[in-house]
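For reference, the structure discussed in these notes is given below.
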2 protein chains.
Amino acid sequence: MTVSLAQIRERSGEVFLEGCPTRVVLDHIMSKWGVLVLLALTDGTLRWGELRREVEGISEKMLASTLRTLEADGLVVRTSYPEVPPRVEYALTDLGRELMERMLPLVDWVAEHAGTITGRPA
Amino acid sequence: MTVSLAQIRERSGEVFLEGCPTRVVLDHIMSKWGVLVLLALTDGTLRWGELRREVEGISEKMLASTLRTLEADGLVVRTSYPEVPPRVEYALTDLGRELMERMLPLVDWVAEHAGTITGRPA
DNA sequence: CGGCATCCCATTGGATACTG
DNA sequence: CAGTATCCAATGGGATGCCG
């Protein structure tokens, strides 16, 4: 389970180079809203309106563009039901769930230490 | 090792609320340059100039502000030697190393899958 | 060498209004 | 309900120049 920097360099020797795919994906999932949306979807499928309420402070514009990016990355699926009124649901894909398995321990650690970290003298 | 969303909510029931400490710290470490700088420091102490070269594409301004943020968060230590010409070294703190233990598996996974992800049809 | 200060532009992102 | 479109404000971030 322990991973070294050397291993990462083997898989993606270019992490530190501009335009490398790893950087691009990291920018998507590590973005301010990306993490929160992925996190919200971790405990199950949500509708557009539910997501909007769950992720407090996100604007419609940002929710839309974040979802489109994550969907294009294959991390999230969008399912639209032909009903009136319209219903659209978002969920993690298998890839997305794999990702979140790695992301949750990190977020958990941050949640545990965030108080200490922001509480220290500037 | 497995972590549930419920656990995270317990530690920080506010992850989804604006202004919550967890959000702030996540913004620091998950920022475009934050990850890369932390990653670069993972295999050891680096001087300013080395960091600048290692993290390709970063400007002096961004390197400076990223380092100051991470230092204020207690994740990075800055050591200045009173020499001429000046020498300054940056390294992870214990807290920073703990963080990277959780971050590396994630980055490793992304490095492994980045090609597939960005390669899919829009 | 290791920065900080300044200027400036591009992109991000929010608020509002409107549509299928 | 689930978006899109538009406009505008804030910020991110690059280039340059100066200083210890």
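Residue numbers start from 1 in every chain, and the chains themselves are labelled A, B, ... in the order their sequence lines are given, proteins ahead of strands.
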(request) Strictly below 4.0 Å, heavy-atom distances to any atom of DNA chain D: list the hits from residues 41-56 of chain B, or just say none. (result) none
(request) Could you check which residues of residues 23-30 of chain B get a heavy atom under 4.0 Å from DNA chain D? Sort them by number, please. (result)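 Those residues whose heavy atoms fall under 4.0 Å from DNA chain D, taken from residues 23-30 of chain B, amount to none.
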(request) Let me have a per-nucleotide readout for nucleotides 14-20 of chain D, 5' to 3', with B, S or -, counting only protein heavy atoms under 4.0 Å. (result) B--B--B
(request) Check every nucleotide of DNA chain C for an atom under 4.0 Å from a heavy-atom of chain B, then give the first and the last such nucleotide from 5' to 3'. (result) C/dC1 to C/dC7
(request) Let me see the working for B/Thr45 and B/Thr79 under side-chain contact (heavy atoms from CB on, under 4.5 Å), right down to the final yes or no. (result) CA-CA 10 Å; B/Thr45 299; B/Thr79 313; over 6 Å; no
(request) Mind grabbing the angle between the end helix axes of the helix from C/dC1-D/dG20 to C/dG20-D/dC1? Five pairs an end, 10° rounding. (result)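 End axes: 50° apart.
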(request) Would you please name every residue forming a side-chain contact (heavy atoms from CB on, under 4.5 Å) with B/Ser31, sequence neighbours left out? (result)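 Not a single residue meets the side-chain contact (heavy atoms from CB on, under 4.5 Å) criterion with B/Ser31.
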(request) Mind calculating the distance between CZ (A/Arg68) and C1' (D/dG3) to the nearest angstrom? (result) 10 Å
(request) Check the distance between D/dC1's C1' and A/Glu83's CD and give it to me in whole angstrom. (result) 11 Å
(message) Do B/Val77 and B/Leu92 sit in one hydrophobic cluster, given that two such residues count as connected whenever their side-chain heavy atoms are within less than 4.5 Å of each other, even indirectly?
(response) no
[X] vs [Y] side-chain heavy atoms within contact, under 4.5 Å:
X	Y	value
A/Val110	B/Leu99	yes
A/Met30	A/Val25	no
B/Leu70	B/Leu41	no

(request) Output yes when a side-chain donor or acceptor of B/Thr22 lies under 3.5 Å from a complementary backbone atom of B/Val15, and no otherwise. (result) no
(request) Any pair with a residue in residues 68-101 of chain B that passes ring-ring contact (aromatic ring centres under 6.0 Å, His included), sequence neighbours left out, goes on the list, sorted by first then second residue, please. (result)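 Sorted pair list comes back empty.
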(request) Kindly state each residue pair satisfying ring-ring contact (aromatic ring centres under 6.0 Å, His included) with at least one member in residues 19-66 of chain A, sequence neighbours excluded. (result)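 Of all non-adjacent pairs touching residues 19-66 of chain A, none passes ring-ring contact (aromatic ring centres under 6.0 Å, His included).
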(request) With rounding to the nearest 0.5 Å, note down the distance linking CD in B/Glu98 to OG1 in B/Thr93. (result)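 Taking CD in B/Glu98 and OG1 in B/Thr93, the distance rounds to 9.0 Å.
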(request) With rounding to the nearest 0.5 Å, note down the distance linking CE in A/Met103 to CG in B/Leu106. (result) 5.5 Å
Please table the atom pairs, donor to acceptor, closer than 3.5 Å between any side-chain atom in residues 62-69 of chain A and protein atoms at least two apart or in another chain.
residue: A/Thr66; atom: OG1; partner: A/Met62; partner atom: O; Å: 2.6
residue: A/Thr69; atom: OG1; partner: A/Ser65; partner atom: O; Å: 2.9

(message) Tell me which pairs pass salt bridge (charged side-chain N to carboxylate O under 4.0 Å, His left out) where either residue lies in residues 20-40 of chain A, with sequence neighbours left out.
(response) A/Asp27-B/Lys32, A/Lys32-B/Asp27
(request) Look at all strands and tell whether A/Tyr81 reaches a base, only sugar-phosphate, or nothing, counting heavy atoms closer than 4.0 Å. (result)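 Counting heavy atoms under 4.0 Å across all strands, no contact is made by A/Tyr81.
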(request) With sequence neighbours excluded, tell me which residues meet side-chain hydrogen bond (donor to acceptor under 3.5 Å, both in side chains) with B/Glu54. (result)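 B/Glu54 satisfies side-chain hydrogen bond (donor to acceptor under 3.5 Å, both in side chains) with A/Arg9 once adjacent residues are dropped.
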(message) Suppose we screen for side-chain hydrogen bond (donor to acceptor under 3.5 Å, both in side chains). Which residues come up paired with A/Arg97, at least two apart in sequence or across chains?
(response) A/Asp94
